[in-house]
*Asks:* 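I'd like to ask some things about the structure below.
It should be emphasised that the depicted structure is a prediction, and the values quoted were computed from it without experimental measurement.
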Amino acid sequence: MDVTQRLVSRSCPFCQNSAEDAQVLSYGSSEWPMIECNKCRFVYLKRAPVYERLSEEFAWEKTSETERQVREEREPVKQGLSRAFKHFRQKVLKRNKLPELIEKYIPGGRVLDIGCAAGGLLATLPTKYQPHGIEVSKALAQAASEVVEPRGGSIMHDNALNGIQKLPENHFAGVLMSAFLEHEVEPNGLLQGVAKVLQPGGVVIIKVPNYGSWNRKIRAEKWCGFRLPDHVNYFTPENLEALIVRQGMKVVQFGLADRQPTSDNMWIVAAK
């Protein structure tokens with residue numbers, strides 16, 4: 001099959017400026033060119049896989065393992081240290097930011113995890129939450145269903161944009177997107193859907209790689225936030241906040257500790 005028939009050609013996800021009015025960056029490849037919009041400076045992939053390819057060919061459980069092997073071969077010492085630090089942070093320091101944010105901002109009720117994978121996060125939610133999810137990978141969606149259905153929850157096997165449009169308005173106390181929005185071909189449309197399905201006062205918690213981090217500038221093409229063709233959007237603190245506010249939501253947490261320039265990731269919490 002001609003690969004060009006299986007791709008989405010994109011304009012700028014932030015300002016809709018033509019992809020022809022953009023600068024090609026060295027971080028991409030010939031098949032997956034990465035560009036920077038000349039109008040708003042948003043960085044994104046000019047072409048992205050259609051949703052159907054994300055469901056099977058580029059499913060997370062496949063691409064994440066491939067990416068891990070590539071990084072292990074390229075920088076085995078660094079990857080070993082990274083794993084050790086992650087284990088130390090989670091097991092010894094007992095620091096996992098997402099559960100803390102959920103407990104702080106979502107008192108209870110229905111919670112939707114977009115890109116829920118096999119339901120690992122949903123399985124850890126306390127009983128005051130009813131777990132729901134959207135997952136594009138067929139295999140992972142089936143696994144997640146087995147996790148949440150005993151608790152009265154449900155999993156939708158669909159891409160995020162289609163899935164959120166099928167859900168009722170004012171339905172969820174919280175929406176979670178941890179390491180997901182960088183994968184979404186139409187982030188504006190998805191955030192519009194999030195604002196629609198949230199109850200008044202409900203919150204969305206988002207984690208994405210921080211393209212504005214010092215580490216990206218130092219590591220260049222070796223930066224851990226680059227994944228082709230999975231990561232199609234590259235957010236800075238400024239344009240991430242602007243995208244969310246554009247949907248009529250209010251940012252309730254996005255301090256320096258949530259977007260440290262020394263960190264590869266950033267967290268933001270916004271309310272309807």
*Asks:* Give me the atom names and distance for the closest heavy-atom approach of Val185 to Pro49.
*Replies:*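 Distance-wise, the nearest heavy atoms are CG2-O, 4.3 Å.
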*Asks:* Do the side chains of Lys46 and Glu20 get close enough for a salt bridge, i.e. N-O under 4.0 angstrom?
*Replies:*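 Yes.
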*Asks:* Looking at every non-hydrogen atom in both residues, tell me the closest pair between Arg259 and Pro237 and how far apart they are.
*Replies:* CD-CB, 3.9 Å
*Asks:* Side-chain donor-acceptor pair under 3.5 Å between Asn233 and Glu184, yes or no?
*Replies:*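 The answer is no; no qualifying pair exists.
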*Asks:* Any side-chain heavy atom of Trp223 within less than 4.5 Å of one from Asp264?
*Replies:*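 When only atoms from C-beta onward are counted, Asp264 and Trp223 do touch, with a gap below 4.5 Å.
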*Asks:* Are any of the side-chain heavy atoms of Ile155 and Leu140 separated by less than 4.5 Å?
*Replies:* no
*Asks:* Taking the side chain as every heavy atom from C-beta outward, state whether Val204 and Val269 have any atom pair closer than 4.5 Å.
*Replies:* no
*Asks:* Give the intermediate values and the outcome of side-chain contact (heavy atoms from CB on, under 4.5 Å) for residues Ser213 and Ser263.
*Replies:* CA-CA 6 Å; Ser213 70; Ser263 175; over 6 Å; no
*Asks:* Just wondering, more than 12 heavy atoms not from Lys250 lying within 6.0 Å of its NZ?
*Replies:* no
*Asks:* At their closest point, which heavy atom of His132 faces which heavy atom of Ser154, and how far apart are they?
*Replies:*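 Of all heavy-atom pairs spanning His132 and Ser154, the closest is ND1-OG, 2.9 Å.
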*Asks:* Less than 4.5 Å apart, any side-chain heavy atom of Met156 and any of Glu135?
*Replies:*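 No, too far: nothing below the 4.5 Å cut-off.
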*Asks:* Could you state the interatomic distance from CG (Leu122) to CG (Leu125), rounded to the nearest 0.5 Å?
*Replies:*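 Rounded to the nearest 0.5 Å, the CG-CG separation comes to 5.5 Å.
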*Asks:* With heavy-atom distances below 4.5 Å as the criterion, would you say the side chains of Leu243 and Asn188 are in contact?
*Replies:*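 Counting from C-beta outward, Leu243 and Asn188 do come under 4.5 Å.
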*Asks:* When rounded to the nearest 0.5 angstrom, what distance separates CG in Asp21 from CG in Asn38?
*Replies:* 4.5 Å
*Asks:* Just checking, any donor-acceptor pair under 3.5 angstrom between side chains of Thr236 and Asn239?
*Replies:*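 The answer is yes; a qualifying pair exists.
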*Asks:* How far apart are the C-alpha atoms of Arg246 and Glu241, what are their side-chain angles, what is the distance that settles it, and do they pass the salt bridge (charged side-chain N to carboxylate O under 4.0 Å, His left out) test?
*Replies:* CA-CA 9 Å; Arg246 183 183 293 174; Glu241 183 172 8; over 6 Å; no
*Asks:* Considering only distance and modelled atom types, tabulate donor-acceptor pairs under 3.5 Å from the side chains of residues 164-180, sequence neighbours left out.
*Replies:*
residue : atom : partner : partner atom : Å
Lys166  : NZ   : Asp158  : OD2          : 2.6
Asn170  : OD1  : Lys272  : NZ           : 2.7
His171  : NE2  : Arg110  : NE           : 3.2

*Asks:* Under the rule for ring pair (Phe, Tyr, Trp, His ring centres under 6.0 Å), what residues qualify as partners of Tyr44, not counting sequence neighbours?
*Replies:* none
*Asks:* Roughly how far, to the nearest 0.5 Å, is the NZ atom of Lys97 from the NZ atom of Lys104?
*Replies:*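 If I round to the nearest 0.5 Å, the distance is 9.5 Å.
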*Asks:* Applying side chain to side chain contact (heavy atoms under 4.5 Å, CB included), can you list everything that pairs with Pro261, at least two apart in sequence or on another chain?
*Replies:*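 Residues passing side chain to side chain contact (heavy atoms under 4.5 Å, CB included) with Pro261: Trp214, Leu256.
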*Asks:* Can you find a pair of side-chain heavy atoms, one from Asn210 and one from Asn265, that are under 4.5 Å apart?
*Replies:* no
*Asks:* Do you know the tightest heavy-atom contact between Arg47 and Ser30?
*Replies:*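 Minimum heavy-atom separation between Arg47 and Ser30: NH2-O, 3.2 Å.
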*Asks:* Looking at Cys40 and Phe14, what are the two nearest heavy atoms and their distance?
*Replies:* SG-CD2, 3.7 Å
*Asks:* Can any side-chain N or O of Asp258 pair as donor or acceptor with the backbone N or O of Gly255 at less than 3.5 Å?
*Replies:*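 Flag set: sc Asp258 to bb Gly255 pair under 3.5 Å.
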*Asks:* Can you tell me how far the CG atom of Leu45 sits from the CZ atom of Arg10, to the nearest 0.5 Å?
*Replies:* 6.5 Å
*Asks:* Name the one of Ile244, Leu240, Ile114, Val194 that satisfies side-chain contact (heavy atoms from CB on, under 4.5 Å) with Leu181?
*Replies:* Leu240
*Asks:* Check whether any side-chain heavy atom of Tyr27 lies under 4.5 Å from a side-chain heavy atom of Tyr234, and answer yes or no.
*Replies:*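 No; the side chains remain at least 4.5 Å from each other.
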*Asks:* Determine the minimum heavy-atom distance between Met266 and Phe235, stating which atoms define it.
*Replies:*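 Minimum heavy-atom separation between Met266 and Phe235: CE-O, 3.4 Å.
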*Asks:* Within this structure, what is the NE2-CZ distance for the pair His231 and Phe226, rounded to the nearest 0.5 Å?
*Replies:* 11.0 Å
*Asks:* Rounded to the nearest 0.5 Å, how far does CD of Gln142 lie from NZ of Lys138?
*Replies:* 6.0 Å
